[in-house]
Amino acid sequence: MASPFSRQANYRRESVSDESVDLGTNGLEQEKARRLGSLDALRAQGTNPYPYRFDRSHTLGEIRNEFGTLEAGSETETHVTVAGRILLKRDQGKLIFATLQDRETSIQLFVSKAIVGDDAFDAINNLDLGDWVGATGIVMTTRKGELSIKVDSVVLLSKAVRPLPDKWHGLTDTDTRYRQRYADLIGNEESRRMFAVRHAVIASFRRTLHERGFIEVETPVLHVEPGGAHARPFVTHHNALDMTLYLRIALELHLKRLIVGGMERVFEIGRVFRNEGISTRHNPEFTMMELYQAFADYTDIMDLTEVLFVNAANDATGSSTVLIDDIPVDLAKPWRRVRMIDLVKEATGVEVHPSQPREQLVSLAEKHGVKVLPHFGPGKIIEELFEATCEAALREPTFVTGHPVEISPLARVDRNDPYLTERFELFVGGRELANAYSELNDPVEQRLRFEDEQKSKEAGNAEAGSVDEDFLRAMEYGMPPTGGLGIGMDRLVMLIGNAQSIRDVILFPTLRLEAF
RNA sequence: GCGCCUUUAGCUCAGCUGGUAGAGCAACGGACUUUUAAUCCGCAGGUCCUGGGUUCGAGCCCCAGAGGGCGCACCA
């Protein structure tokens, strides 16, 4: 930076006390102008409203832990230095009570004119709600027992020039909460809690998997061929290579390449992108955890899935019980394991199997209001029947197994039934949370499955995959028997945190362009 | 993409049968040395989402559009 001083001067606002500056016509503009005016006043008296750093001796949570049981009307000898944002101010004349909030909690500042002196008292009185400050003082409790810091000095750490949302209600407008997540987090305890749950769930997964010898890896987000799931991709372009690239729709195919490479147990927690509708359960970008474990099959993966969920719930909330549709369900009990075709039979009273003639299944489907497209084979029709008649009713955790081969191009054929695969999807609260297989590792069969996908795609199935030659080459080097698992982390956080919309567990959900 | 709901002060919300815009908080001025969403007195703040239309008169009724929510569709 060649000329720091002139640069800084360029960033500095003109004084708003100049008559040339328009004070604005609405309340917000007037309030911002007032706060910008106090910035100028601070600078004029030699105070930097945006200092570079600050050392604190305690977080507010540490003070609460240490002194939370102090009885009313006590004063300690402990002198502390804290930092946070001023959320509330209660002016008593010669006393000010201010609520200071940091990341964990809030604590009251007790400011007495007699202690800090007239000038400092005025300066503190001129602080605005939303300002960041550092404060020093001794730990005390008021007569009513409120844990407080009896302040001897306060320094401004950052001036807020825009007013906070309502001090009591916070933000309620969902649009503003999602667009201005920063303002949502300042005012809404529930929002802060939800993202704490999210962090705890993801940290718990890493812990459980590290304990079991899994290695965390990172694979490409930009794919030459979007595979590993059925979904429409986002398309982009690399200029220097002049090639079309796709944002990944799944992590699967690269992680399996690592199993071929001998890494034995790998996982990745990463963003995937699907160019499809937005709903309370769908965001165009979302977080997937996939893992692959050599020498395991899908039943081993079911056991592991139960452990991952129970640990995550315990780590995030201290309990393995979650609310599903407001009903408590203990995740620690073993989950039901049932074949898709058996569930469809339960729901329809009719035996179904992918070996049946297509026409039979078509008429059953039509009886249940299922739309059958020309490229649907028997297996796809059974899945559609399942979705229409069973899925929403699967409230308690249920492993749905034995998906037809036709809809499972990467899963291994069931050792007891050549029409089905060794696969499960986990449903909780009517939502799909996980998908897993005994992974197909026969390169010749895998090529045939890909070719079937390719034919389906050519027949008009926009979601079908195509032949991934590099993946097949990897398979040819030999992949050990392997169990694999994919979990939609956002939906899991919704379950454990009891969120009603996926947007409540994503900090910055995808929204339409905002008009400024 | 379709249907229903919604949009009023910085924030949270009222607004009757169509009669000319309201409250609380925040802000501003004042009182107050133990408050807890402090309280009390005073004052100020508006593109009623946007554009048309009906009407003597529209926040309110009609039409079109935009943002948001929910449901459906889509979606392994």
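Naming: A, B, ... by sequence-line order, numbering from 1 per chain. These numbers come from the heavy atoms of this one structure, side chains and all, not from hydrogens, waters or symmetry mates. Fair warning: this is a prediction, and the values are worked out from it, not measured in the lab.
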Whole angstrom value for the distance that separates [atom2] of [N] from [atom1] of [X]:
X: A:Leu95; N: B:rU35; atom1: CG; atom2: P; value: 10 Å
X: A:Glu384; N: B:rC74; atom1: CD; atom2: P; value: 8 Å
X: A:Ile278; N: B:rG1; atom1: CD1; atom2: C1'; value: 14 Å
X: A:Leu36; N: B:rG10; atom1: CG; atom2: P; value: 16 Å
X: A:Lys89; N: B:rU36; atom1: NZ; atom2: C1'; value: 16 Å
X: A:Glu432; N: B:rC74; atom1: CD; atom2: C1'; value: 15 Å
X: A:Leu511; N: B:rG67; atom1: CG; atom2: P; value: 11 Å
X: A:Gln101; N: B:rA37; atom1: CD; atom2: P; value: 15 Å

NA contact type, [X], heavy-atom cut-off 4.0 Å: base, sugar-phosphate, or nothing?
X: A:Ile96; value: nothing
X: A:Glu276; value: sugar-phosphate
X: A:Arg179; value: sugar-phosphate
X: A:Thr280; value: sugar-phosphate
X: A:Gly73; value: nothing
X: A:Glu425; value: sugar-phosphate
X: A:Phe424; value: nothing
X: A:Asp173; value: sugar-phosphate
X: A:Ala114; value: base
X: A:Asp166; value: base

Among [options], which nucleotide has an atom closest to any side-chain atom of [X]?
X: A:Pro165; options: B:rC11, B:rA38, B:rG69; value: B:rC11
X: A:Arg281; options: B:rC72, B:rU36, B:rA37; value: B:rC72
X: A:Glu383; options: B:rU34, B:rA76, B:rU12; value: B:rA76
X: A:His282; options: B:rC74, B:rA38, B:rC70; value: B:rC74
X: A:Arg143; options: B:rU12, B:rU34, B:rC28; value: B:rU34

Do the side-chain N or O atoms of [X] get closer than 4.0 angstrom to the phosphate oxygens (OP1, OP2) of [N]?
X: A:Arg34; N: B:rC28; answer: yes
X: A:Arg512; N: B:rG67; answer: yes
X: A:Arg90; N: B:rA38; answer: yes
X: A:Arg162; N: B:rC11; answer: no
X: A:Thr176; N: B:rG68; answer: no
X: A:Lys167; N: B:rA26; answer: yes
X: A:Thr172; N: B:rU12; answer: yes
X: A:Arg503; N: B:rC70; answer: yes

(message) Closer than 4.0 angstrom, basic N to acidic O: yes or no for A:Arg179 and A:Asp175?
(response)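 Salt bridge: yes.
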(request) Using a strict 4.0 Å threshold on nitrogen-to-oxygen distance, state whether A:Lys256 and A:Glu252 make a salt bridge. (result)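 Yes, this pair counts.
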(request) Determine whether the aromatic ring centres of A:Phe386 and A:Phe427 lie less than 6.0 Å apart. (result)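 Yes: the rings meet the under 6.0 Å criterion.
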(request) Report yes if some heavy atom in the side chain of A:His282 is under 4.5 Å from a heavy atom in the side chain of A:Arg491; otherwise report no. (result)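 Contact flag for A:His282/A:Arg491 side chains = yes.
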Suppose you measure atom [atom1] in [N] against the same atom in [M]; what distance do you get, rounded to whole Å?
N: B:rG15; M: B:rA9; atom1: P; value: 15 Å
N: B:rA73; M: B:rC56; atom1: P; value: 48 Å
N: B:rC60; M: B:rG19; atom1: P; value: 11 Å
N: B:rU7; M: B:rG46; atom1: C1'; value: 15 Å
N: B:rU39; M: B:rU20; atom1: P; value: 32 Å
N: B:rC25; M: B:rC16; atom1: C1'; value: 26 Å
N: B:rG71; M: B:rG29; atom1: P; value: 48 Å
N: B:rC61; M: B:rC4; atom1: P; value: 16 Å

(request) Would you tell me whether A:Thr219 and A:Glu268 have side-chain atoms, one donor and one acceptor, within less than 3.5 Å of each other? (result)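 Note: A:Thr219 and A:Glu268 side chains meet the donor-acceptor criterion.
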(request) Examine the side chains of A:Arg193 and A:Asn188 and answer whether a donor and an acceptor come within less than 3.5 Å of each other. (result)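 There is no such pair between these side chains.
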(message) Quick check on RNA chain B: between A:Phe97 and A:Pro409, whose nearest nucleotide comes earlier from the 5' end?
(response)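 The answer here is A:Phe97.
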(request) For A:Met140 and for A:Leu164, find the nucleotide of RNA chain B with the closest heavy atom, then tell me which residue's nucleotide is more 5'. (result)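 The 5'-side residue here is A:Leu164.
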(message) Consider salt bridge (Lys or Arg N to Asp or Glu O under 4.0 Å). Of A:Lys32, A:Lys89, A:Arg34, A:Arg162, which one does A:Asp128 pass it with?
(response)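 Checked A:Lys32, A:Lys89, A:Arg34, A:Arg162 against A:Asp128; only one passes salt bridge (Lys or Arg N to Asp or Glu O under 4.0 Å): A:Arg34.
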Which base, if any, makes a Watson-Crick or G-U wobble pair with [N], both distances under 3.5 Å?
N: B:rC25; result: B:rG10
N: B:rA44; result: none
N: B:rC72; result: B:rG1

(request) Measure the spacing between CG of A:Leu410 and OH of A:Tyr437 and express it to the nearest 0.5 Å. (result)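 The distance works out to 5.0 Å.
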(message) Does the plane of the ring in A:Phe205 sit parallel, tilted or perpendicular to the ring in A:Phe309? Use 30° and 60° as the thresholds.
(response)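 Tilted.
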(message) Looking at the base of B:rU35, is there any donor atom on it, or on the side chain of A:Gln108, that sits under 3.5 Å from an acceptor on the other one?
(response)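 A donor-acceptor contact between them is present.
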